[in-house]
Amino acid sequence: MSGEMSTEETHCHEPVADCRLRAATDLFAHTWDPVALAALRTGPRRRRDLRIVIGGISDKVLTETLHRLLANGLVSRHAYAESPPRVEYGLTNLGESLVDGPMEALGRWTLEHGDELLNAQEA
């Protein structure tokens, strides 16, 4: 097979709430989720470093974002037994596949068509 998805694989069937396509697109529903994933692309980071790299995100929103990404299996949390305690967040294999696949493709698309998109929105 050429790697193409069958019609059955690409369309949602009942119940729609359980649709895989919907679950995947929900990963981009929260503004800060893709931003945090992109910030972790270069490797694991501590919370404080994430806030600095991301910029403009409150501590509360970062906490919510990390909880969501952890729950979706995209980010891992590693606590080190040190004094003072140290916690790092990093991409899981699933998170890396999202960042290096669809997010990278969306970034390329945005570079090519971003001006068109903004112009259409302003019109």
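Below, all heavy atoms of this structure are taken into account, side chains as well, without hydrogens, waters or symmetry copies. Positions are given from 1, in the same order as the sequence printed here.
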With the side chain counted from C-beta on, respond yes when W32 and L62 share a heavy-atom pair under 4.5 Å apart, and no when they do not.
no
Tightest non-hydrogen contact, residues S97 and P102, listed as O-CD, 3.5 Å
Heavy-atom check, side chain of E88 versus side chain of R45, under 4.5 Å
no
Could you pull out the closest heavy-atom pair between A39 and I54, with the gap in Å?
CB-CG1, 3.9 Å
Judged by modelled atom types alone, do S58 and R51 share a side-chain donor-acceptor pair under 3.5 Å?
no
Under a 4.5 Å cut-off applied to non-hydrogen side-chain atoms, are R47 and L66 in contact?
yes
L27 CG to R68 CZ distance, which is reported to the nearest 0.5 Å:
10.5 Å
Interatomic distance, CZ@R46 vs CZ@R86, rounded to 0.5 Å, equals 6.0 Å
Got a second to check how far E116's CD is from T110's OG1, nearest 0.5 Å?
11.5 Å
Just one of T65, L94, L40, D33 clears the side chain to side chain contact (heavy atoms under 4.5 Å, CB included) bar with V75, so which one?
L40
Are the side chains of L37 and R41 in contact, using a 4.5 Å heavy-atom criterion?
no
Looking at D115, I'd like to know if its CG atom is crowded, meaning that more than 12 non-hydrogen atoms belonging to other residues, nucleotides or ligands lie closer than 6.0 Å.
no
Got Y89 and D49 here, is their nearest side-chain heavy-atom distance under 4.5 Å?
no
Are the side chain of T92 and the backbone of S76 linked by a donor-acceptor contact shorter than 3.5 Å?
no
Does some side-chain heavy atom of H78 sit less than 4.5 Å from a side-chain heavy atom of P44?
no
Evaluate the side-chain proximity of Y80 to V87: yes if any heavy-atom separation is below 4.5 Å, no if none is.
no
Looking at E112 and R108, does any basic side-chain N land under 4.0 Å from a carboxylate oxygen?
no
Within the structure provided, determine whether V99 and E104 are in side-chain contact (heavy-atom separation under 4.5 Å).
no
Per the side chain to side chain contact (heavy atoms under 4.5 Å, CB included) rule, which among N72, L69, L74 passes with L98?
L74
